[in-house]
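A short worksheet on the structure shown next.
Computation of the quantities below employed the complete heavy-atom set of this structure, encompassing side-chain atoms and omitting hydrogens, waters and symmetry-equivalent molecules.
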Amino acid sequence: MSVYRNIVWFLKGINEYTRNGFQAASKQFVDKDMEVAVAGRTFMITGAGSGIGKATALAIAKKGGTIHMVCRNKEKAEKAKADIVKETGNKEIYVHLLDMSEMQKVLEFAEGFKKKYKQLNVLINNAGCMLKQREVNSEGLERNFATNTLGVYILTKSLIPLLEKSSDPRVITVSSGGMLVQKLQSDDLQSENDHFDGTMVYAQTKRQQVVMTEQWAKAHPNIHFSAMHPGWADTPAIAMAMPEFHHAMREKLRSADQGADTVVWLSVSQAAVTLPSGCFFQDRRPVSTHLPFAWTHTSPEQEQKFMTRLEELSKSIQAR
């Protein structure tokens with residue numbers, strides 16, 4: 001069954017997730033959706049130093065938005081900021097240094113941001129990692145899960161009160177089509193029980209992001225939540241994490257700008273918020289979170305168990 005799933009997902013990817021897939025989908029895009037000015041609105045983008053995060057920051061900066069770049073690498077972040085300011089003339093670009101795999105630091109950053117800033121209109125959870133070998137952070141948490149799931153959970157949950165006080169609040173999480181081959185596993189969040197396959201662990205965390213998005217949408221109706229798949233984009237992260245895939249597919253991969261297109265659309269367009277909160281998007285349209293005939297569906301009880309476990313882990317961090 002797993003081989004069948006992977007084959008179906010790969011064939012879907014060749015058809016939809018590549019540059020050709022974007023070009024075909026873009027024929028249905030509505031140009032006026034993006035003809036907006038967002039001066040006065042504030043956007044936080046994690047992982048904004050390169051790839052899709054930087055492309056997103058650049059596109060929104062061109063429209064006048066205030067950008068808070070949350071990055072791990074200071075040198076890369078400052079260079080990205082300089083590039084964006086030079087190209088857009090927008091000086092409302094701020095860099096914050098944060099390792100999203102360290103939960104105490106994520107919590108401290110979010111609490112500090114709320115004290116310093118009175119507005120946050122859009123949170124874009126873009127930072128992520130795919131480690132092929134199992135590693136744990138300083139808090140004993142498996143690093144893929146810490147960065148892609150629990151870090152996103154703590155940052156988003158901590159910033160929800162600030163988002164709710166701001167106009168037209170939105171949260172966009174950059175997930176992956178790889179989650180289509182994963183069923184939510186709430187009993188082994190630390191990837192301790194089976195052979196560690198970094199690619200599948202990454203895909204599992206991306207399924208977890210989709211479930212979080214759906215659950216947040218139910219719990220916080222005043223905020224528009226969405227998750228999205230950027231397609232297979234040519235980014236430094238993909239080149240580093242999946243070198244064989246990157247080499248084999250490099251002529252077919254989307255540009256970072258193409259990968260970022262739906263993130264930007266979800267962040268700035270009014271068309272996006274006319275669609276239900278909690279959806280999973282690909283190329284500016286909501287798509288199914290499961291492959292045809294998939295066994296990846298989970299019960300509401302399992303999803304609630306997962307969210308409860310995240311809250312327990314979050315509280316354990318706060319108690320330190």
Quick one: are [X] and [Y] in side-chain contact, heavy atoms under 4.5 Å?
X	Y	value
Phe145	Leu313	yes
Phe280	Thr213	no
Cys129	Asn144	yes
Lys76	Ser50	yes
Ile45	Lys54	no
Ile160	Glu164	yes
Gln204	Gln185	yes
Leu275	Arg285	no

Specify the closest pair of heavy atoms between [X] and [Y], including all atoms of both residues, with the distance to one decimal.
X	Y	value
Ala48	Ala80	O-CB, 4.1 Å
Phe43	Ser267	CE2-O, 3.7 Å
Gly177	His229	N-ND1, 2.9 Å
Ala110	Ser158	CB-CB, 3.5 Å
Ile172	Met228	CG2-CG, 4.2 Å
Ser101	Asn137	O-ND2, 2.6 Å

Determine whether the side chains of [X] and [Y] contain a donor N or O and an acceptor N or O closer than 3.5 Å.
X	Y	answer
Glu92	Asn90	no
Lys315	Gln318	no
Thr173	Gln209	no
Glu139	Gln104	no

Test of understanding: clusters of I, L, V, M, F, W, Y form through side-chain heavy atoms closer than 4.5 Å, transitively. Do [X] and [Y] belong to the same one?
X	Y	value
Ile124	Met100	no
Leu162	Val106	yes
Met200	Leu184	no

Should we say atom [atom1] of [X] is surrounded by more than 12 heavy atoms from elsewhere, each under 6.0 Å from it?
X	atom1	result
Lys132	NZ	yes
Arg134	CZ	yes
Lys105	NZ	no
Glu75	CD	no
Lys114	NZ	yes
Gln133	CD	no

So does [Y] get a backbone contact from the side chain of [X], meaning a donor-acceptor N/O pair under 3.5 Å?
X	Y	value
Thr46	Ala127	yes
Ser314	Leu310	no
Asp188	Asn193	yes
Arg19	Glu251	yes
Gln258	Ser255	yes
Asn121	Thr42	yes
Lys206	Leu180	no
Arg254	Trp232	no
Lys157	Glu311	no
Asn126	Gly47	yes

task = Could you tell me how the ring of His96 sits relative to the ring of His68: parallel (under 30°), tilted (30 to 60°) or perpendicular (over 60°)?
result =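 Rings of His96 and His68: tilted, 30 to 60°.
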key: Parallel, tilted or perpendicular: ring planes of His220 versus Phe225, cut at 30 and 60 degrees   =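 Answer is tilted, since the angle falls between 30° and 60°.
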Does [X] pair with [Y] as a salt bridge, N-O distance under 4.0 Å?
X	Y	answer
Arg309	Glu312	yes
Asp234	Arg250	no
Glu111	Lys116	no

To the closest 0.5 Å, what do you measure between [atom1] ([X]) and [atom2] ([Y])?
X	Y	atom1	atom2	result
Met69	Leu97	CE	CG	10.0 Å
Ile154	Thr149	CD1	OG1	11.0 Å
Arg170	Leu163	CZ	CG	12.0 Å
His224	Cys279	NE2	SG	7.0 Å
Asn125	Asn148	CG	CG	10.5 Å
Thr18	Gln23	OG1	CD	8.5 Å

request  = Give a yes or no on whether the ring-centroid distance for Phe29 and Phe22 is below 6.0 angstrom.
outcome  =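 Yes, ring centres under 6.0 Å apart.
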ask   = Among Gln119, Lys118, Arg41, which one satisfies side chain to side chain contact (heavy atoms under 4.5 Å, CB included) with Ser166?
value =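 It is Gln119; the other options fail the test.
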query = So Trp216 and Met307, side chain to side chain contact (heavy atoms under 4.5 Å, CB included) or not? Walk me through it.
reply = CA-CA 10 Å; Trp216 282 329; Met307 296 298 288; 4.2 Å; yes
task = Go through Gln215 and Gln304 one step at a time and tell me if the side chain to side chain contact (heavy atoms under 4.5 Å, CB included) criterion holds.
result = CA-CA 8 Å; Gln215 295 300 312; Gln304 189 54 54; 4.1 Å; yes
task = Please test Asp261 against Met34 for side chain to side chain contact (heavy atoms under 4.5 Å, CB included), starting from the C-alpha separation and ending with a verdict.
result = CA-CA 10 Å; Asp261 177 82; Met34 300 289 246; 4.0 Å; yes
